[in-house]
Amino acid sequence: MRIATWNVNSVRQRLDHLVWYLREVSPDVLCLQELKCEEKDFPLAAVAAEGYNAAVHGQKTFNGVAILSKRPIEVMRGLPGDDSDTQSRYIEAEVPDEHGVVRIASIYLPNGNPTGTEKYTYKLAWMERLRAHAKGLLELEESLVLAGDYNVIPEPRDAKDPAAWEKDALFLPQTRAQFRSLLNLGFADALRTVTDDAGLYTFWDYQAGAWQRNNGIRIDHLLLSPQAADRLQSVTIDKEMRAREKPSDHVPIRIELD
DNA sequence: ATGACTTGCGCGGCAAGA
């Protein structure tokens, strides 16, 4: 089973890249973030034409997440734990496969900048809600994949220039500690189970020639329950997507489960 | 380096991103 995640930075701006990816990479499941549209404006027909069901949790202008799947899925929208939170950043699905079911979430974790404001408070609170929800999901003892844009640089080796991120919400000690507390529930960071290499990135800023200088960061992650980690065959960053015309600033990352 | 892009909204230039 091939499971991919990609922050598209506007699904309508990226529709041709998206259709290419569905056709050529052909993931069984694709988690999308930053749709920047409501469900009524999501290109449902275009993805259906490629053979995909789409579960969308949209929002006008900002945020928005989706799960595309070749097979029909059962869906839950929104991260539990705060009924007053109106931002569309979480969608979860049960996807049937030959072994039973794989539970997959598409996550767009808050950026949190500028720090010292309610934006950073919201990020940390959202991470704590995610930890609480994930703890319950782990108790199901299923194959579980929490995939998405975490807006967290886990370690210095995950940035070209870690010093530049020292005071940023993506890399503050408190952010990294909260991410570790999620991992320490029993998740594996899929990429880190296959390589210790530095210099593996999923995001390059549009500004200042970041792509040309390979000034990137690794902030898109797939977290695996033990049952999913046991089935992991490979991890691939589709880096070449960043070199296209009008790219997203993020590239897809995907795993194979047996 | 006060910068540098890209997007949505909507027709002004902001706000937001990371």
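Letters A, B, ... mirror the listed sequences (proteins, then strands); counts begin at 1. Only a predicted model underlies this, so the values are computations on that prediction, with no experimental measurement involved. We use all heavy atoms of the structure for the numbers below, so side chains are in, but hydrogens, waters and symmetry mates are not.
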Indicate whether any N or O donor in one side chain lies under 3.5 Å from an N or O acceptor in the other, for A:Gln59 and A:Gln87. no

Using atom CG of A:Asp205 as one end and atom P of B:dT7 as the other, report the distance to the nearest whole Å. 13 Å

Nearest to the A:Ala208 side chain among B:dC9, B:dA4, B:dG17, which nucleotide is it? B:dA4

Can you tell me how far C1' in B:dA15 sits from the matching atom in B:dA1, rounded to whole Å? 23 Å

Determine the contact category for A:Asp220: base if any of its heavy atoms lies under 4.0 Å from a base atom, sugar-phosphate if only primed atoms, P, OP1 or OP2 are that close, otherwise nothing. nothing

Please tell me if A:Lys36 has a side-chain N or O lying less than 4.0 Å from either OP1 or OP2 of B:dA16. no

From the options B:dC5, B:dA18, B:dT7, select the nucleotide whose nearest atom is closest to the side chain of A:Gln207. B:dC5

Indicate whether the side chain of A:Tyr122 and that of A:Thr117 have a donor and an acceptor atom separated by less than 3.5 Å. no

Closest-nucleotide mapping onto DNA chain B: is A:Tyr206 or A:Lys119 further toward the 5' terminus? I mean the 5' end. A:Tyr206

Does OP1 or OP2 of B:dT6 have a side-chain N or O of A:Asn9 closer than 4.0 Å? no

Say we look at B:dG8 and B:dA18: how far apart would their P atoms be, to the nearest angstrom? 14 Å

Salt bridge check: are A:Asp158 and A:Arg192 linked by an N-O gap of less than 4.0 Å? yes

Given atom CZ of A:Arg213 and atom C1' of B:dC5, what is their separation to the nearest angstrom? 14 Å

If only side-chain N and O atoms of A:Thr61 are considered, is one of them under 4.0 Å from the OP1 or OP2 phosphate oxygen of B:dC9? yes

P atoms of B:dG10 and B:dT6, separation to the nearest Å: 22 Å

Please work out which of the three classes, parallel, tilted or perpendicular, describes the rings of A:His221 and A:Phe179, given edges at 30° and 60°. tilted

Under 4.0 Å between a side-chain N/O of A:Tyr201 and OP1 or OP2 of B:dA18, yes or no? no

I'd like to know if A:Asn151 reaches the base of B:dA18 with its side chain, counting only an N/O donor and acceptor under 3.5 Å. no

Would you say the side chains of A:His250 and A:Gln33 form a donor-acceptor pair under 3.5 Å? no

Distance-only polar pair, side chains of A:Lys36 and A:Asn9, donor-acceptor under 3.5 Å: yes

Rounded to whole angstroms, how far apart are CD on A:Glu38 and P on B:dG8? 13 Å

Check ion pair A:Asp16-A:Arg244 (N to O, under 4.0 angstrom): no

Length of the line joining A:Ile219:CD1 and B:dG17:P, which is rounded to integer Å: 12 Å

Check this one for me: any side-chain N or O of A:His250 less than 4.0 Å away from OP1 or OP2 of B:dA18? yes

Mind calculating the distance between CG (A:Leu109) and P (B:dA16) to the nearest angstrom? 18 Å

State which of B:dA4, B:dC9, B:dA18 makes the closest approach to the side chain of A:Ile217. B:dA18

Starting at the 5' end of DNA chain B, which residue's closest nucleotide do you reach first, A:Phe62 or A:Arg14? A:Arg14

Pairwise P distance, B:dC14 and B:dA4 [rounded to whole Å]: 13 Å

On the nucleotide B:dG8, are OP1 or OP2 found under 4.0 Å from the side-chain N or O atoms that A:Lys60 carries? no

Would you please confirm or rule out a distance under 4.0 Å between OP1 or OP2 of B:dA18 and any side-chain N or O of A:Asn7? yes

Expressed in angstrom and rounded to an integer, what is the separation of A:Phe203 atom CZ from B:dA16 atom P? 17 Å

Atom-to-atom span, CD of A:Glu34 to P of B:dC5 - whole angstrom: 19 Å

A:Asn111 CG - B:dT7 P separation (whole Å): 18 Å

Would you mind classifying the nucleic acid contact of A:Tyr108 as base, sugar-phosphate or nothing, using non-hydrogen atoms under 4.0 angstrom? sugar-phosphate

